[in-house]
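Just so we're on the same page: letters track the sequence lines, and every chain starts at 1.
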Amino acid sequence: MNPPGEIETRVRRLEDIEAIKKLKARYWRCVDRKLWDEMRDVFTEDATADYGPDIKLKGRQAIIDFLKGSLGADTVITSHVGQRPEIELTGESTATGMWWLNDYIVMQPNVRRRGYAYYEDEYVKQEGRWKKKSTRVVTVLEEWDMLKR
Amino acid sequence: MNPPGEIETRVRRLEDIEAIKKLKARYWRCVDRKLWDEMRDVFTEDATADYGPDIKLKGRQAIIDFLKGSLGADTVITSHVGQRPEIELTGESTATGMWWLNDYIVMQPNVRRRGYAYYEDEYVKQEGRWKKKSTRVVTVLEEWDMLKR
Amino acid sequence: MNPPGEIETRVRRLEDIEAIKKLKARYWRCVDRKLWDEMRDVFTEDATADYGPDIKLKGRQAIIDFLKGSLGADTVITSHVGQRPEIELTGESTATGMWWLNDYIVMQPNVRRRGYAYYEDEYVKQEGRWKKKSTRVVTVLEEWDMLKR
């Protein structure tokens, strides 16, 4: 906590932590509101995503294609409850983050999935802006419902 | 990110962002714990609230009357999971905010509603304190259950 | 808001608030990921926990023993959605915090509990690190399901 050093450094660290939290909020907003163009700014070009044992993605384009392909249809509604940030600044332009997620995915008309997971992320600052460099989601519980109507 | 300028300005901006997040936490706490008197400090006197296509409210009193009227009864339990803040300071005493919400409303004995929504807010600083000037909730999914007992 | 005083004091206050939020995130992570050794750093040695009318605990060891005993089994999965922090610094090394929690506990194979609660905490800074000194959880709603399989 309270790192020693010049006051400007301490202020910059607080700004960096806030910027990284906002980056992550933006990521989930872009998913839940299907803002695939804005999503491009979230990731580095060479970003990687590990969304589970069978979903290892390389490169921003592959990540966005996957998200759009699996969640982008008008018949799909998603809600990501992302909280409990633990951001560690590991250098002037590198950081890690841990989060907890409850997500809810409705594939209309009748499939519903609830997921419970944690995130382990790496971030980098490029040209003054923080981006996701890698993201790893470990799902601890999944619940699927087939609704009868 | 990391705006240029004097260090005091940068610190004040961080304080403002924290104060706005805390204001929003207080708003939800006042709803879920039915603290209608304390709720008065959350809004400007001329605040507006857009809680959906049929619920457009003008003025702090109208907003609190609506919340108290619809959620204030002892038989109603509410839980607002509010997270993913994206606060933008747009001037020395103005700001905007986006949030994601999952809410759960139990109207005892047997009606339950789950809502999934995003908030778009405006805030202003009046006499050194941040307040909500306008709030807009866009619900992307609502689920209603009638429980059988 | 924006306390008067030297800039270093204001920066330290922002750092303290961030450290306390991170402490709380760590607490929930240690529960949900069953990290009982790491959990020791979260509490002061003389910490107290009030988890409800029948669960009043004294001392870090008693708290961890209780959490491990009730939630530590491999057949138990927990998810704590903790958000809406309202941190008040009450001195150079003391603070209070309020939070909102939705928790979900799955006792396999067939018992599920959803809880809706608020936290009222006290924190102290010891040797430069914030710890939980007391925690009180007030549950406003509990839902239990016995699943049929």
Study note, to complete from the structure: When every non-hydrogen atom of V81(C) is compared with those of V81(A), the smallest separation belongs to CG1-CG1, 3.7 Å
Revision key, fill the gap. Of all heavy-atom pairs linking A25(C) and E86(A), the shortest is CB-CG, 3.6 Å
[Y] and [X], any side-chain heavy atoms less than 4.5 Å apart:
{"X": "I77(C)", "Y": "Y116(A)", "result": "no"}
{"X": "R33(C)", "Y": "M98(A)", "result": "yes"}
{"X": "V11(C)", "Y": "I7(A)", "result": "yes"}
{"X": "N102(A)", "Y": "Y104(C)", "result": "no"}

Greater than 12 external heavy atoms within 6.0 Å of [X]'s [atom1]:
{"X": "K68(C)", "atom1": "NZ", "answer": "no"}
{"X": "K34(A)", "atom1": "NZ", "answer": "yes"}
{"X": "K133(A)", "atom1": "NZ", "answer": "no"}
{"X": "E92(C)", "atom1": "CD", "answer": "no"}

Study note, to complete from the structure: Honestly, the part of I17(A) sitting under 4.5 Å from a heavy atom of chain C is side chain
**Study point:** Over-ring placement of R29(C) relative to Y118(A), 6.0 Å and 45° cut-offs
**Key:** no
Check your understanding: What do the steps show when you test D32(C) against V140(A) for side chain to side chain contact (heavy atoms under 4.5 Å, CB included), and what is the final call?
Key -> CA-CA 9 Å; D32(C) 288 340; V140(A) 299; over 6 Å; no
**Study point:** Q83(A) side chain to Q83(C) backbone, donor-acceptor under 3.5 Å
**Key:** no
**Study point:** Expected output: side-chain K22(C) to main-chain I87(A) donor-acceptor under 3.5 Å
**Key:** yes
Point to revise | Salt bridge E8(C)-R10(A), side-chain N to carboxylate O under 4.0 Å | key: yes
Check your understanding: Is E18(C) salt-bridged to K21(A), going by a charged N under 4.0 Å from an acidic O?
Key -> yes
